[in-house]
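Report on one structure; see the data block that follows.
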Amino acid sequence: MKVVLPDSSELELPDGATGRDAAAAIGPRLAEQAVLLRSDGRVQDLRLPLEDGQKIQILTTRDKDDPDALSVLRHSTAHLLAEAVRRLYPGVKIAIGPPIANGFYYDFEFPEPISEADLERIEAEMQKELAEGREWNREEVSREEARRRFEAEGEPYKVELVETADGEISFYTQGDFTDLCRGPHLQNSKPIKAVKLTGLAGAYWRGDERNKQLTRIYGTAFYDPADLDAYLERLEQARERDHRRLGPQLDLFHLSDESPGSPFWHPKGMVIWNVLEDLRRSENAKRGYLEVKTPLLYDIDTYITSGHYENYEENMFFVEEHEGEKRLALKPMNCPGHMLLFGSELRSYRELPMRFAESSTLHRDERGGTLHGLLRVKHITQDDAHMFCTPEQIEDEIFGCLDYASYLYDLFGMEARFELSTRPEKKLGTDEEWDFTEAALRSALDRRGIDYQVNEGDGAFYGPKIDLHMTDVLGRSWQMGTIQLDSQMPARFGLTYMGSDNAEHTPFVIHRALLGSLERFIGILIEHYGGEFPFWLAPVQLRVLPVGADHREAAGRLAERLREAGYRIEVDERDDTVGKRIRDAELEKIPYTLVYGDKESDDSLAIRERHGVQSTKSLLELLDELARL
RNA sequence: GCCGGAGUAGCUCAGCUGGUAGAGCAAGCGCCUUGUAAGCGCUAGGCCGGCGGUUCGAGUCCGCCCUCCGGCUCCA
């Protein structure tokens, strides 16, 4: 038989030859360095037989940055971890240990809880394994045999995995440790040149909190020790960009125990906030939204009608009146208010689509342990809107949202990931209705030319949705905007409009927030720019530094001119050296710093941009340059 | 809510095995009169997250609570 190599040449091999055989046929060095086989984008264990005509690519230790090559390395390292843990902690039960982005983990049930100090011990044991060297052997076994072996070993999690696994069951063995595993794996442990255990966490078996919580050990591995160092260095740099560090450092906001999950916005943070609000308001106006403001507090009945009381109670804040019996709750979302507003008058089809926009404050009592800087707060301000429309208008309205969202994210040079979530198992409405609404969303996405990922079954019970996601500086994904189609809530509130047929109809509503919440958006924004905001967003755009006391007056006049031109400008009159004040301006990441002394005049300004880029320009030239930013 | 870690001056942190707290930066004052990333000196600043316990004595040991950090779950 023949296989096809990446350069399109063909390699003649005996029938039944494996990837390893192919590597050996090409050369002994390749055979030794081979770690994985890739075929049409799919990875395959080197131990598996090849097919006639198969296109193959053999990855070696030289492909040290290839994601598949790293994955196999880390997967094998996870097995070393399990072996080490087994040896050090008799009675431990092993669960599952896959590679993940940037590393791997393995879940265990320890007889006694372990703590971070144990990681050192375990890591030392793994180093011992590496020093001794390990080889992986693959075998295929019957389901029955697999189950028997794990039952004999007292491994209930493995037994469960065997029972639910589909396809072939394979075992990989290194040393005296055998694990159920689909593979692929390295041939041996030689390529593993750097290992580090990075963390310890609780994790529920099969990701379900009704199940037992296991202990998850995270780690990472590389083909080259320098890559581990570089990775740790990158992590350290990422931490510098963390909005929780930069926010207070740049005097944008702070968080405090007095009101967990509710940011205190400082004047500079409010500048950014207001720029976003102005943007929201002016763009909304261009796109036919009507700004409204609805109450923060509603009686319980409203939430019973909306369904929040039943479905969202544990995340709501309740309030008592001083007098009277009424129990009220702070709104966690704007929809009930907008429903009531829509229903307050008789509506005609001629008024649709009707788009209510609001960015008032929402409160959600988040579960303990989930708050996270600005990215997960209790005090939420969405750039929210609800569009009431007819079935025929749905697609255009969705399209309009997508177009609007793309416009906004482009403005910041951000690239959001779009995800479409379709009908869940527990749903309201018929399959025909879902066919219609899902098709409308898909068609709008396609029409706008947006690539998206489909999350089957992840939709809300009342309708499908499109979510926009962004990643924070540590690689965690956060939902930003959301566009949700809903036919249930208008009905629950008894909303109708008079159609052209002179009959009453229930409108559809689209719930949408594009930036998502301002809090979260600003958090992501801070990290996106690493605190170096573009000129139009920067809280302080320019700062003038009078060289000496004699220059303060002239510097003040200059600042006044720029302020009148509409720029946010400060004069740093502190009695410190110019060097010191330059340094502070750099640390505050101010876009333009103007040093003003004897040599300067309107015809010749000393301009310093961030990172020390210096130039000399006249005031008119500067104004001209700024106007184009 | 769960697992692991942490909380000391406004900020960043030191404080070994228990003996009543320290640095740098920031702040205030003074000197210097400043030219593109830190001029010099002095001063003030602390219920060592909170409550309880052990002890002659607790920042340090133990328990509970709060908050934060890394995860898990949740985020209709």
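Naming convention: chains lettered A, B, ... in sequence-line order (proteins, then strands); numbering from 1 in each chain. Worth saying up front: this structure is predicted, and the values here are computed from it rather than measured.
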Look at all strands and tell whether A:R244 reaches a base, only sugar-phosphate, or nothing, counting heavy atoms closer than 4.0 Å. sugar-phosphate

Whole-Å distance between B:rC68 C1' and A:L374 CG? 14 Å

Suppose you measure atom P in B:rU12 against the same atom in B:rC51; what distance do you get, rounded to whole Å? 23 Å

Looking at B:rC75, B:rG35, B:rA37, which one has an atom nearest to any side-chain atom of A:K599? B:rG35

Can a donor-acceptor pair under 3.5 Å be found between the side-chain atoms of A:E600 and the base atoms of B:rG35? yes

How about A:F356 and A:H386: are their ring centroids closer than 6.0 Å? no

What base-paired stems does RNA chain B take part in, with at least 3 consecutive Watson-Crick or G-U wobble pairs and both distances under 3.5 Å? B:1-7 with B:66-72, B:10-13 with B:22-25, B:27-31 with B:39-43, B:49-53 with B:61-65

Taking side chain as C-beta onward, heavy atoms only, is A:T506 less than 4.5 Å from A:S487? no

From CG of A:L474 across to C1' of B:rG71 the rounded distance in Å is 12 Å

Is A:R581 reaching over with its side chain to a backbone N or O of A:P546, donor-acceptor style, under 3.5 angstrom? yes

I want to check a possible cation-pi pair here: A:R216 against A:Y105, using under 6.0 Å from ring centre and within 45° of the ring axis as the test. yes

Which residue lies toward the 5' end of RNA chain B, A:G199 or A:I607, if each is placed at its nearest nucleotide? A:I607

Grab the CG-C1' distance between A:L197 and B:rG70 for me, whole Å please. 15 Å

Let's see if you can work this out: which of B:rA37, B:rU36, B:rC75 has an atom nearest to the side-chain heavy atoms of A:R364? B:rC75

No-H, no-angle donor-acceptor pair, A:Y204 side chain to B:rG1 base, under 3.5 Å: yes

Please check the phosphate of B:rC3 (OP1 and OP2 only) for any side-chain N or O of A:T215 closer than 4.0 Å. no

Gap between atom CG of A:L626 and atom CD of A:Q541 - 0.5 Å precision: 8.0 Å

Touch check for A:A203, heavy atoms < 4.0 angstrom, all strands: base, sugar-phosphate only, or nothing? sugar-phosphate

Mind checking if A:A606 touches a base, just sugar-phosphate, or nothing, with heavy atoms under 4.0 Å? base

If the C1' atom of B:rA9 is compared with that of B:rG28, how far apart are they to the nearest Å? 15 Å

Choose from B:rA27, B:rG71, B:rG1 the nucleotide whose nearest atom is closest to any side-chain atom of A:R367. B:rG1

Separation between the C1' atoms of B:rU43 and B:rG4, rounded to whole Å: 43 Å

In whole angstrom, give me the gap between the P atoms of B:rC47 and B:rC11. 13 Å

What contact category does A:G579 fall into here, base, sugar-phosphate, or nothing, at under 4.0 angstrom with non-hydrogen atoms? sugar-phosphate

Presence of salt bridge, A:E586 and A:R583, under 4.0 angstrom: no

Specify the residue among A:D242 and A:G368 whose closest nucleotide of RNA chain B lies further upstream toward the 5′ end. A:G368

Hey, does the side chain of A:E366 reach the backbone of A:L371 with a donor-acceptor pair shorter than 3.5 angstrom? no

When you check the gap from the basic side-chain N to the acidic O, do A:R206 and A:D208 get nearer than 4.0 Å? no

Round to the nearest Å and state the distance from A:R581 atom CZ to B:rU33 atom P. 15 Å

Please give the distance between the P atoms of B:rC64 and B:rA6 as a whole number of Å. 15 Å

Separation of atom NZ in A:K580 from atom P in B:rC32, rounded to whole Å: 20 Å

Tell me the interatomic distance from A:D584, atom CG, to B:rC25, atom P, rounded to whole angstroms. 13 Å

Gap between atom CD1 of A:I304 and atom CD of A:E310 - 0.5 Å precision: 9.5 Å

Rounded to whole Å, CG of A:L371 lies from C1' of B:rU73 at a distance of 14 Å

Checking B:rC75, B:rG70, B:rC72 against the side chain of A:H372 (C-beta onward), the nearest is B:rG70

Report yes if the distance between the aromatic ring centroids of A:F104 and A:Y106 is under 6.0 Å, otherwise no. no

Contact class for A:N315 (heavy atom, under 4.0 Å): base, sugar-phosphate, or nothing? nothing

Consider the side chain of A:L200, meaning its heavy atoms from C-beta on, and name the nucleotide among B:rG35, B:rG4, B:rC74 that approaches it most closely. B:rG4

Using a cut-off of strictly less than 4.0 Å, decide whether A:R476 has a side-chain nitrogen or oxygen near OP1 or OP2 of B:rG71. yes

Is the backbone of A:T302 close enough, under 3.5 Å, to the side chain of A:D299 for a donor and an acceptor to pair up by distance? yes

Hey, does the side chain of A:Y303 reach the backbone of A:P336 with a donor-acceptor pair shorter than 3.5 angstrom? no

Give A:G207 one of three labels, base, sugar-phosphate or nothing, depending on what nucleic acid heavy atoms sit under 4.0 Å from its own. sugar-phosphate

Using whole Å, what does the distance between atom P of nucleotide B:rC29 and atom CZ of A:R574 come to? 14 Å

Applying a 4.0 Å non-hydrogen cut-off, can you work out what A:D576 is touching in the nucleic acid: base, sugar-phosphate, or nothing? base

Provide the distance between the two P atoms, one in B:rC32 and one in B:rG41, to the nearest whole Å. 15 Å

Let's see if you get this right: which residues in residues 102-119 of chain A place a heavy atom under 4.0 Å from RNA chain B? A:P113, A:I114, A:S115, A:E116

A:M489 and A:C335, any side-chain heavy atoms less than 4.5 Å apart: yes

Please measure how far the C1' atom in B:rG59 lies from the corresponding atom in B:rC72, and state the result in whole Å. 33 Å

For B:rG24 versus B:rG39, give the span between their P atoms, rounded off to a whole number of Å. 16 Å

Report which part of the nucleic acid A:V578 touches: base, sugar-phosphate, or nothing (heavy-atom distance under 4.0 Å, all strands). sugar-phosphate

Looking at CG of A:L495 and CZ of A:F508, how far apart are the two atoms once the value is rounded to the nearest 0.5 Å? 13.0 Å

With the threshold set at under 4.0 Å for non-hydrogen atoms, list the residues of residues 254-263 of chain A touching RNA chain B in residue-number order. A:D257, A:P260

Could you tell me whether the phosphate oxygens of B:rC74, OP1 or OP2, come under 4.0 Å of any side-chain nitrogen or oxygen in A:R376? no

Base B:rC69 paired with A:R239 side chain (donor-acceptor, <3.5 Å): no

If I take atom CG from residue A:L161 and atom CD1 from residue A:I96, how far apart are they, to the nearest 0.5 angstrom? 5.0 Å

